[in-house]
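So the structure is just underneath, and the comments pick up after that.
These values consider heavy atoms only, across backbone and side chains, with no hydrogens, waters or symmetry-generated copies.
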Amino acid sequence: MKKHLAIAGLALIIGMAPLTSVKAEGSAVPLDKEIIKQQIDKDRIDQVNYHLNELAHLNKTDQNDYLSEFGIKVNKKSISASESTYNNESLKDEFENILDNAYIYTMDDNGFVYDKNGEVVNEIDLNKKEEGVENNIALQRATIDPNILGSNSGAFARQVTATGYKGIRTTFTLPSYPAINAPNGSVAGYLYNGIDVLSSSYLSGFKLEAGLQYSQAQNSYTAVIHPQSTLQNPIPDGSTSVPPRYKAGTNVISNVFYDTTTSRFKYFVNGTNVNGTNQYLLFTYSKPLSSSEVSNLVVKRVTALAKENYSGGDIGKVTVNYSGTEVTRIDGSTTDLTQGILSSHTYNGKTFGTCDTPSGAISKSGSVPYQTVTVNTVGF
């Protein structure tokens, strides 16, 4: 099914216009609840309109498929051959209901995370970043390739486009044990997408990575977002507003997108939670980029087993079957992720883009948008 980048099913929203919390005597102070609620209300309306606009660009068959992805049952009699789905009030009501019952969060530029009632539910240190591969002395004696950016962060298959892309949408079934096996407590399984400002002129450009993290103990997944390699996840933990985890063995849609109109990064995921309920999450993060940065945007799909200070060895395995991967160009048009648009982005001898590490642990089969990707370090 071909369509524009889809937005997916309870929601998580972070950002609209830049949110700047006031600093009092050197300390940041949360924003007023009413400001947060007004922003979320606008984002909710914008999100409904986004879905209706997506539908307007699809034929009737694809419209039905699109709606089924969000658990919306189509009454074919309610849509005449001459009527545009975009104007169908019953479908507008369906998406409004999804967003009205969503998990919604927003984060300001000082790291305060708010729920839809305007309450602060988390606080992120936006300056605390993951250690870069360049700064890890242990790599000098590692069995992995120190010339691959991030090779000390674990084993992964990273597929990165050339510049000129601002969104990526993946559909797949969440692997269940034993297709994913990370028995070591210090290892985490990740299936994520990302957007980077990346070129020879932007070797340390802004990036946002978002996707799903596996729990071996619970055999389920939680949504995670990491703007600019921050260590903390903005989605609150231990709060009553925390979305349930996603159920292994079920289908998900995972999307990352930069909205050049509103200057916001958006993360969307739709799937089935551990309670058997369709769950829609949305995260947006306001980050204005220059025209040069926008033209140097790339997107990526990553299958990974993450371990801090990884230098080789057995950290488990993961196999994921992608049922579709679409990317969005800067002009808004979409296409499948293909081998021809992938790039290694190798600068000064270091690979920032497409690569497999450790090379002997990665295998792929099938065409790129529908690949089966395996990361297997067992026996290393």
field: Note, Y221 side chain near V252 side chain (heavy atom, < 4.5 Å)
entry: no
| said: Working note: S176 + N219, criterion side-chain hydrogen bond (donor to acceptor under 3.5 Å, both in side chains); need CA distance, chi angles, decisive distance, verdict. | reply: CA-CA 7 Å; S176 182; N219 193 31; 3.1 Å; yes
Go through the steps for S215 and S220 under the test side-chain hydrogen bond (donor to acceptor under 3.5 Å, both in side chains), then give the verdict. CA-CA 6 Å; S215 167; S220 57; 5.2 Å; no
Salt-bridge criterion met for E209 and R158 (N-O under 4.0 Å): no
*asked:* Quick check against the 3.5 Å criterion: does H345 have a side-chain atom that pairs as donor or acceptor with the backbone of T161?
replied: yes
Quick check on the hydrophobic clustering: are I45 and I104 connected, directly or via other members, by side-chain heavy-atom contacts under 4.5 Å?
no
Does any part of the side chain of N122, heavy atoms only, come nearer than 4.5 Å to the side chain of N233, both counted from C-beta? no
Item to check | Same cluster (ILVMFWY, side-chain, under 4.5 Å), V274 and L212 | outcome: no
Separation between CD1 (I36) and CG (N117), nearest 0.5 Å, reads 11.5 Å
With a sphere of 6.0 Å drawn around NZ of K116, does it hold more than 12 non-hydrogen atoms of other residues, nucleotides or ligands?
yes
Less than 4.5 Å apart, side chain to side chain, heavy atoms only: is that true for L52 and F95? yes
query: If you measure only the distance, is there a donor-acceptor pair under 3.5 Å linking the side chains of D108 and Y114?
result: yes
Exam field: side chain D145 to backbone N147, donor-acceptor pair closer than 3.5 Å = yes
Evaluation steps, side chain to side chain contact (heavy atoms under 4.5 Å, CB included), between Y246 and V269:
CA-CA 10 Å; Y246 284 92; V269 58; 3.6 Å; yes
Shortest non-hydrogen pair, Q228 vs G205, comes out as OE1-O, 3.6 Å
The residue among D259, D43, D46 that forms salt bridge (charged side-chain N to carboxylate O under 4.0 Å, His left out) with K266 is D259
For residues Y322 and Y370, establish whether the separation of their ring centroids is below 6.0 Å. no
CD1 of I330 to CG of L297, rounded to nearest 0.5 Å, is 5.0 Å
Point to revise | Side chains of T173 and N321, donor plus acceptor under 3.5 Å | key: no
Exercise. Quick one: are the ring centres of H226 and Y192 less than 6.0 Å apart?
Worked result: no
Looking only at heavy atoms, the pair that brings R44 and D100 closest together is CD-OD1, 3.3 Å
One should read off an interatomic distance between L203 CG and D196 CG, to the nearest 0.5 angstrom, of 11.5 Å
### Query
Does the side chain to side chain contact (heavy atoms under 4.5 Å, CB included) test come out yes or no for Q279 and L281, once each step is laid out?
CA-CA 7 Å; Q279 183 163 290; L281 280 80; 3.4 Å; yes
Exercise for the section: Answer whether the closest heavy-atom distance between the side chains of V327 and T335 falls below 4.5 Å. Expected result: yes
Note to self: Parallel, tilted or perpendicular: which one describes the rings of Y285 and F206, with boundaries at 30° and 60°?
What the structure shows: parallel
*Take R301 and V368, measure what side chain to side chain contact (heavy atoms under 4.5 Å, CB included) needs, and give me the verdict at the end.*
CA-CA 10 Å; R301 181 180 76 182; V368 173; 4.1 Å; yes
Q213 side-chain N/O to T222 backbone N/O, donor-acceptor pair under 3.5 Å:
no
4.5 Å side-chain heavy-atom contact, K166 and V294: no
Between L198 and the options V298, L149, V299, the side chain to side chain contact (heavy atoms under 4.5 Å, CB included) test singles out V298
Margin query: Set out, in order, the CA-CA distance, both residues' side-chain angles and the distance that settles side chain to side chain contact (heavy atoms under 4.5 Å, CB included) for E89 and K92, then state yes or no.
Written below: CA-CA 5 Å; E89 287 300 317; K92 181 179 179 181; 3.8 Å; yes
Query raised in the report: Does a side chain donor of either N49 or N53 reach within less than 3.5 Å of an acceptor in the other side chain?
Result: no
Original post:
Taking the six-membered ring for Trp, are Y50 and F257 parallel (under 30°), tilted (30 to 60°) or perpendicular (over 60°)?
Top reply: perpendicular
Q) Is any side-chain heavy atom of N97 closer than 4.5 Å to a side-chain heavy atom of D93? A) no
With no hydrogens and no angle check, just 3.5 Å: does a side-chain donor-acceptor pair link D331 and S333?
yes
- Considering only heavy atoms from C-beta outward, does the side chain of Q232 approach that of D125 to under 4.5 Å? yes
Of all heavy-atom pairs linking K247 and N273, the shortest is CB-O, 3.7 Å
Any side-chain heavy atom of V373 within less than 4.5 Å of one from F172?
no
Looking only at heavy atoms, the pair that brings M107 and I124 closest together is SD-CG1, 4.0 Å
When every non-hydrogen atom of D62 is compared with those of N59, the smallest separation belongs to N-OD1, 2.7 Å
Tested for side chain to side chain contact (heavy atoms under 4.5 Å, CB included) against F156, the lone hit among I362, D356, T303, I148 is I148
Rounded to the nearest 0.5 angstrom, the CD1-CD1 distance for I168 and I195 is 9.0 Å
**Asked** Is N193 reaching over with its side chain to a backbone N or O of S254, donor-acceptor style, under 3.5 angstrom?
**Response** yes
Margin query: Quick check against the 3.5 Å criterion: does E326 have a side-chain atom that pairs as donor or acceptor with the backbone of R169?
Written below: no
ring-ring contact (aromatic ring centres under 6.0 Å, His included) with Y258: of Y267, Y165, F265, only one passes, and it is F265
Rounded to the nearest 0.5 angstrom, the CG-NZ distance for D115 and K37 is 10.0 Å
Could you verify whether a donor N or O on one side chain and an acceptor N or O on the other, from S323 and T171, lie under 3.5 Å apart? yes
With sequence neighbours left out, the residues meeting side chain to side chain contact (heavy atoms under 4.5 Å, CB included) with A361 are P358, T377, F380
Rounded to the nearest 0.5 Å, the CG atom of N101 sits from the CG atom of N278 at a distance of 11.5 Å
message = Between T328 and T334 (side chain of the first, backbone of the second, donor and acceptor by atom type, cut-off under 3.5 Å), is there such a pair?
response = no
- prompt: Side chains of T325 and T170: do they bring a donor and an acceptor to under 3.5 Å?
  reply: no
Between R245 and Y214 the two heavy atoms that sit nearest each other are NH2-C, 4.1 Å
